[in-house]
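Down below is the structure, laid out as structure tokens.
Quick note on labels: first sequence line is chain A, next is B, and so on, each numbered from 1. Below, each value reflects all heavy atoms present in this structure, side chains not excepted, and no hydrogens, waters or symmetry copies. Note that this is a predicted model, so its numbers are computed, not measured.
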Amino acid sequence: MIDVRVLRSDPELARQAQRRRGESPDLVDEILDRDEKRRTAITAFERLRAEQRTLGKQVARAQGDEKAELLVRTKELSTLVKEAEVAQTEAEQAFQAALKRLPNIAAPEAPAGGEDDYTVIEHVGAPRDFAAEGFEPLDHVELGKRLGAIDIERGAKVSGARFYYLTGVGADLELALVNMAMDQARGAGFTTMITPALVKPPAMDGTGFLGQAAADVYRLPAEDFYLVGTSEVPLAAYHADEILEPDTLPRRYVAFSPCYRKEAGSYGKDTRGIWRVHWFDKVEMFTYTTLEQSYAEHEKMLGWEKQWLSKLELAYRVIDTAAGDLGLSAARKFDCEVWIPTRGGYGELTSTSNCTDFQSRRLNIRGRFPDGVKPLATLNGTLVAVPRAVVAILENHQQADGSVRVPTALQPYLQGRTSLEPVQ
RNA sequence: GGAGGUGUCGCAUAGUGGCCUAGUGCGCCCGCCUGCUAAGCGGGUUGAGGGUUAUCCCCUCUCGCGGGUUCAAAUCCCGCCACCUCCGCCA
């Protein structure tokens, strides 16, 4: 949620930001119009309410005829106050509804445009040249079968399309990745968390996932729960309605959780294998800090993600996501995209967003600072989304004999194994 | 799932319709006093919104949340939520 005072003082900034996202600037003016009506309604209510309170005190002291006369007026006022209160509430709700639709103001550095308008910040490592090595790489589905690591057929039998089992070394690989990620984050000062995967509507809405992303969210209507698509949701809502002391900042949390996504609108896209699935496990970093510190923190998040990918010995590039591809809450987003041999291109493995004070305003997360109580900034970043990491490792580290080399850093987490061998 | 209890300004508490502009203690902040510290004394200390915006000032809301009764609600009534105790069920 954007500070309405920013919209009042510099509406053109917000209109411009909307255009850079490829969205209509008219929403800004609709919000300002509703703000005007809201303030008029508040003033009207408060004037009546003040009169009611003043007269109410006189009633308490008055006697006889004087009291009777006052009661005539106060009874009238009682009705007027109630009407004015209803009008104020309605104006407030109309205003809030419009304001909540407005996405975060994209950072000036974020490229304008949509999904394909990203800029590449850097390349790290070179894609492996299988042709030079003299063999054709297998995809992760075939490798997963040979290793006894991934069972997609039975995933579909039990749960349907886009579900899978990790079996044997596949399951071992998940636990190894998760433990390694947790160790790295813990070493960087993060507090380890295991978070609820079912949340109530305010948590989902406050994090910004009931906007454009609502179609992608699983809901349990009977109990009014949502299944989270990322532990960003329970981590952001963790400090909702709290005022944090500045000397406890930054607060860094790392969570392991399952993630559930409908993947609506992706029909026919990435249908093979486990690249895009309805459920997966993920280790996610999350930071609460000041708005001023958030930009440096965002660089740190990216640094931790790069460190992680390097330990997995993967070639990747970093992109600066375009404004139109930021989602509702983010002001800026960096994706790390790893080279996937059988895709013949880069695919997103991790992503880190600076949501500035956008989520904090929705979730009412504030800090007590010398110059007042102010909303904090929130940032999130993937360390490991398990299935995609498994795909990247299997495909990039496969050998001509069908085995898969285990990256050195990961070996201690896989009972010292240096390679995964085919079982058939 | 059932029964009972509890929810007040950081913490602990007072408050059974108008004297609540929510009192008191603790904690915290500022100042005074004081060789230092403690004690003592004085003041301040929820958050949000509106008017005005030159820091002041004025007003409204905020006693778990939402309704209702009333001229007037922390206080009375209804619903919901959270927590505690016990029972049931379950991993």
(request) Report the base-pairing partner of U70(B) (Watson-Crick or G-U wobble, both distances below 3.5 angstrom), or none. (result) none
(request) Sugar-phosphate atoms are those with a prime plus P, OP1 and OP2; base atoms are the rest. Using that split, label each nucleotide of nucleotides 51-63 of chain B B, S or - for protein heavy atoms under 4.0 Å, 5' to 3'. (result) S-------BBS--
(message) Does either side chain, that of Asp183(A) or that of Tyr413(A), offer a donor lying less than 3.5 Å from an acceptor on the other one?
(response) yes
(request) Tell me what Arg38(A) touches on the nucleic acid: a base, only sugar-phosphate, or nothing, going by heavy atoms under 4.0 Å. (result) sugar-phosphate
(request) Name the pairing partner of U46(B), where a pair is Watson-Crick or G-U wobble with both distances under 3.5 Å, or state none. (result) none
(request) Provide the Watson-Crick or G-U wobble partner of A38(B), both distances under 3.5 Å; none if there is no partner. (result) none
(message) Between U46(B) and C20(B), how many Å separate the two C1' atoms, rounded to a whole number?
(response) 16 Å
(request) Quickly work out the Lys200(A) NZ to C80(B) C1' distance and round it to whole Å. (result) 11 Å
(request) Identify, with sequence neighbours excluded, every residue that meets salt bridge (charged side-chain N to carboxylate O under 4.0 Å, His left out) alongside Asp26(A). (result) none
(message) For C57(B), give the paired nucleotide (Watson-Crick: N1-N3 plus N6-O4 or O6-N4; G-U: N1-O2 and O6-N3; both under 3.5 Å), or none.
(response) G51(B)
(message) Heavy atoms only, 4.0 Å cut-off, all strands: where does Leu71(A) land among base, sugar-phosphate and nothing?
(response) base
(request) State the pairing partner of U6(B); accept Watson-Crick or G-U wobble contacts with both distances under 3.5 Å, and report none otherwise. (result) A82(B)
(message) Does anything in residues 236-249 of chain A come within less than 4.0 Å of RNA chain B? Heavy atoms only, and list the residues if so.
(response) Ile243(A)
(request) Pick base, sugar-phosphate or nothing for Glu92(A), based on heavy-atom distances below 4.0 Å to the nucleic acid. (result) nothing
(request) Quick one: look up who C11(B) pairs with, Watson-Crick or G-U, both distances under 3.5 Å, and put none if it's unpaired. (result) G25(B)
(message) The criterion is salt bridge (charged side-chain N to carboxylate O under 4.0 Å, His left out); which residues satisfy it with Arg34(A), sequence neighbours excluded?
(response) Glu30(A)
(request) Would you please name every residue forming a ring-ring contact (aromatic ring centres under 6.0 Å, His included) with Phe280(A), sequence neighbours left out? (result) none
(request) From the options U21(B), U46(B), C71(B), select the nucleotide whose nearest atom is closest to the side chain of Arg368(A). (result) U46(B)
Sequence neighbours left out, cut at 3.5 Å: what donor-acceptor pairs do the side chains of residues 245-252 of chain A make with other protein atoms?
{"residue": "Glu245(A)", "atom": "OE2", "partner": "Arg368(A)", "partner atom": "NE", "Å": "3.4"}
{"residue": "Thr248(A)", "atom": "OG1", "partner": "Glu245(A)", "partner atom": "O", "Å": "2.6"}
{"residue": "Thr248(A)", "atom": "OG1", "partner": "Arg251(A)", "partner atom": "NE", "Å": "3.2"}
{"residue": "Thr248(A)", "atom": "OG1", "partner": "Arg251(A)", "partner atom": "NH2", "Å": "3.2"}
{"residue": "Arg251(A)", "atom": "NH1", "partner": "His239(A)", "partner atom": "NE2", "Å": "3.4"}
{"residue": "Arg252(A)", "atom": "NE", "partner": "Glu297(A)", "partner atom": "OE2", "Å": "2.7"}
{"residue": "Arg252(A)", "atom": "NH2", "partner": "Glu297(A)", "partner atom": "OE1", "Å": "2.8"}

(request) Could you check whether Val373(A) gets within reach of a base, just the sugar-phosphate, or nothing at all, counting any heavy atom under 4.0 Å? (result) sugar-phosphate
(request) Report which part of the nucleic acid Arg366(A) touches: base, sugar-phosphate, or nothing (heavy-atom distance under 4.0 Å, all strands). (result) sugar-phosphate
Donor-acceptor list for residues 80-96 of chain A side chains, cut-off 3.5 Å, not counting sequence neighbours:
{"residue": "Thr89(A)", "atom": "OG1", "partner": "Glu85(A)", "partner atom": "O", "Å": "2.9"}
{"residue": "Glu92(A)", "atom": "OE1", "partner": "Arg38(A)", "partner atom": "NE", "Å": "3.2"}
{"residue": "Glu92(A)", "atom": "OE2", "partner": "Arg38(A)", "partner atom": "NE", "Å": "3.2"}

(request) Could you please name the partner base of G88(B), counting Watson-Crick and G-U wobble pairs only when both distances are under 3.5 Å? (result) none
(message) List the residues meeting salt bridge (charged side-chain N to carboxylate O under 4.0 Å, His left out) with Asp241(A), not counting sequence neighbours, and say none if there are none.
(response) none
(request) Mind jotting down which residue pairs meet the ring pair (Phe, Tyr, Trp, His ring centres under 6.0 Å) criterion with at least one end in residues 11-63 of chain A? Sequence neighbours excluded, please. (result) none
Can you tabulate the close N/O pairs, meaning under 3.5 Å, that link protein atoms to atoms of nucleotides 74-76 of chain B?
none

(message) So which atom in Glu305(A) and which in Ser351(A) form the shortest heavy-atom distance, rounded to 0.1 Å?
(response) OE2-O, 3.2 Å
(request) Using atom CD of Glu85(A) as one end and atom P of A73(B) as the other, report the distance to the nearest whole Å. (result) 10 Å
(request) Report the base-pairing partner of U75(B) (Watson-Crick or G-U wobble, both distances below 3.5 angstrom), or none. (result) none
(message) Suppose the criterion is ring pair (Phe, Tyr, Trp, His ring centres under 6.0 Å): which pairs have a residue in residues 173-209 of chain A, not counting sequence neighbours?
(response) Phe190(A)-Trp304(A)
(request) List for me each residue that meets salt bridge (charged side-chain N to carboxylate O under 4.0 Å, His left out) alongside Lys333(A), sequence neighbours excluded, and say none if there are none. (result) none
